[in-house]
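Reviewing the structure listed below.
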Amino acid sequence: MNRIRKSMEGIRASRELKADTLRYLEVQRGRRSRPIWRRGSSYALAAATCLLLMFMVGWHILYDTPTSYISMDVNPSIELGINRYGRVVAAEAYNENGQVVLQHLSLKNKPYMEAVRSLLDDEICRGYLVDNATLVFTVISDSPETIWEGLDSIDTGESYRVLTYTSDSYCMEEAHRHEMSFGKYRAYLELTEYDQSVTVEDCHGMSMGEIQDRIEGCRQYEETEHRENHGGGNTGSGSGGSDSHGGHHGGHHRK
């Protein structure tokens, strides 16, 4: 401070100019003498904030990404996207009845078993789950057994049939291209193995019960022909969705 004052003694200037100059020099010296660690601390804080934001974005992406899918078809056709934590992160309807159901049901972030119970309890769905109706669950997952166990734990307490199948991502892509749930599209593919005249448009206008009845009728007809052509031998594989067709599992059948 004394050096600064002494250097200004020989300068002829007004008192106000000298005072302003001294204040400016003091401010500049204060800036130069600011501790370096404070600047480093600011950088570290900014880096930590960026890492936290990256973690939060990554976690949300991880949470919102489906790893398994369930197609629930009776007449309403609804698909649920399930994340790695067993929570519903997406719900899509593939017919008008399904759209009406999802308009008044909030399923996102629910455990998938709770979401399925909500669908089964819905008034529109229950209108189709009458005696002799067929409810079909189709699963796409790397570990479908886990999903099946969850679905099997849901006690419907009703007399309608419940069938469970598996499918794959290619079937889902094709189904969505035809604006159909992958569960119903899988049933369409199975039906075409028996009746190649059936079209996707035909199945759009059919319930899952109607498609399943057509499949079982065709299957029984083939079994009858086989027995007649082979001397009455019983080589049938059974009915009610207990077979595998085209790589799709049908081993779950409940009444």
(message) With side-chain contact (heavy atoms from CB on, under 4.5 Å) as the criterion, how do Asp142 and Thr67 come out once you've worked through the C-alpha distance, each side chain's angles and the decisive distance to 0.1 Å?
(response) CA-CA 8 Å; Asp142 290 336; Thr67 56; over 6 Å; no
(message) Using side-chain contact (heavy atoms from CB on, under 4.5 Å), reason through Leu80 and Val116 one step at a time and then give a plain yes or no.
(response) CA-CA 9 Å; Leu80 302 178; Val116 170; 4.2 Å; yes
(message) I'd like to know whether Met208 forms a side-chain contact (heavy atoms from CB on, under 4.5 Å) with Thr134, so could you lay out the CA-CA distance, the side-chain angles of the two residues, the decisive distance to 0.1 Å, and finally the verdict.
(response) CA-CA 7 Å; Met208 280 298 288; Thr134 301; 5.6 Å; no
(message) Set out, in order, the CA-CA distance, both residues' side-chain angles and the distance that settles salt bridge (Lys or Arg N to Asp or Glu O under 4.0 Å) for Arg126 and Glu123, then state yes or no.
(response) CA-CA 5 Å; Arg126 291 189 67 83; Glu123 183 178 357; over 6 Å; no
(request) In sequence, state the C-alpha distance, the side-chain angles, and the governing distance for Lys184 and Ile211, and then conclude on side-chain contact (heavy atoms from CB on, under 4.5 Å). (result) CA-CA 9 Å; Lys184 199 168 186 179; Ile211 297 174; 3.8 Å; yes
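Here the side chain of Asp202 pairs a donor or acceptor atom with the backbone of Thr199 at under 3.5 angstrom. Side-chain N or O atoms of His178 include none that pairs as donor or acceptor with a backbone N or O of His204 at under 3.5 Å. In terms of modelled atom types and a separation under 3.5 Å, the side chain of Thr65 and the main chain of Ile61 share a donor-acceptor contact. Judged by distance alone, with hydrogens and angles left aside, the side-chain atoms of Asn229 form a donor-acceptor pair with the main-chain N or O of Glu225 at under 3.5 Å. The backbone N or O of Pro111 sits nowhere less than 3.5 Å from a side-chain atom of Glu114 that would complete a donor-acceptor pair.
Within 6.0 Å of CD on Glu222 lie more than 12 heavy atoms contributed by other residues, nucleotides or ligands. More than 12 non-hydrogen atoms from other residues, nucleotides or ligands lie less than 6.0 angstrom from CG of Asp121. Residue Glu179 places its CD atom among 12 or fewer non-hydrogen atoms of other residues, nucleotides or ligands, all under 6.0 Å distant.
The minimum heavy-atom distance between Ser118 and Leu105, with the atom names listed, is O-CD1, 3.9 Å. Residue Ser141 comes nearest to Ser68 through the heavy atom pair OG-OG, 2.8 Å, listed as atom of the first residue, atom of the second, then distance. Scanning both residues, Gly150 and Tyr112, for their nearest heavy atoms gives CA-OH, 3.4 Å. Of all the heavy atoms in Asn95 and Gly98, the pair that sits closest is OD1-N, 2.8 Å. Of all heavy-atom pairs between Pro76 and Asn97, the closest is CG-CB, 3.9 Å. Shortest non-hydrogen contact noted between Val198 and Thr192 is O-CG2, 3.9 Å.
Residues Tyr63 and Asn109 form a side-chain contact, since some pair of their non-hydrogen atoms from C-beta on lies under 4.5 Å apart. Inter-residue side-chain proximity for Asp122 and His104 is flagged as met; some heavy-atom pair is nearer than 4.5 Å. At a threshold of 4.5 Å between non-hydrogen side-chain atoms, the residues Leu107 and Leu119 count as touching.
Judged as a ring pair (Phe, Tyr, Trp, His ring centres under 6.0 Å), and not counting sequence neighbours, the contacts of Tyr188 are Tyr185. In this structure His176 satisfies the ring pair (Phe, Tyr, Trp, His ring centres under 6.0 Å) test together with Tyr94, sequence neighbours excluded.
Remark: Ser77 OG to Gln99 CD distance equals 11.0 Å, nearest 0.5 Å. In this structure, the separation between CG on Asp73 and CE on Met180 is 9.5 Å, given to the nearest 0.5 Å. In this structure, the separation between OH on Tyr160 and CG on Asn132 is 13.0 Å, given to the nearest 0.5 Å. Separation of atoms CD (Glu145) and OG1 (Thr166) is listed at 9.0 Å; rounding is to 0.5 Å. Taking CG of Leu129 as the start and CD1 of Ile124 as the end, the distance is 12.0 Å to the nearest 0.5 Å. Ile215 CD1 to Gln220 CD: the interatomic distance, rounded to the nearest 0.5 Å, is 12.0 Å.
Taking 4.0 Å as the cut-off between side-chain N and carboxylate O, Arg186 and Glu190 count as a salt-bridged pair. Using a 4.0 Å cut-off between charged nitrogen and carboxylate oxygen, Arg177 and Glu174 count as a salt-bridge pair.
Cluster partners of Ile140, by chain and number: Tyr69, Met172, Phe182. The rule joins Ile, Leu, Val, Met, Phe, Trp and Tyr whenever side-chain heavy atoms lie under 4.5 Å apart.
Put simply, Tyr128 and Ile154 are part of the same group of oily side chains (I, L, V, M, F, W, Y) that touch within less than 4.5 Å, one to the next.
Each of Val101, Asn75, Leu135 was evaluated against Cys125; a single residue qualifies, Val101, per the side-chain contact (heavy atoms from CB on, under 4.5 Å) test. Of the listed residues (Val139, Thr138, Leu189), just one forms a side-chain contact (heavy atoms from CB on, under 4.5 Å) with Ser167, and that residue is Thr138.
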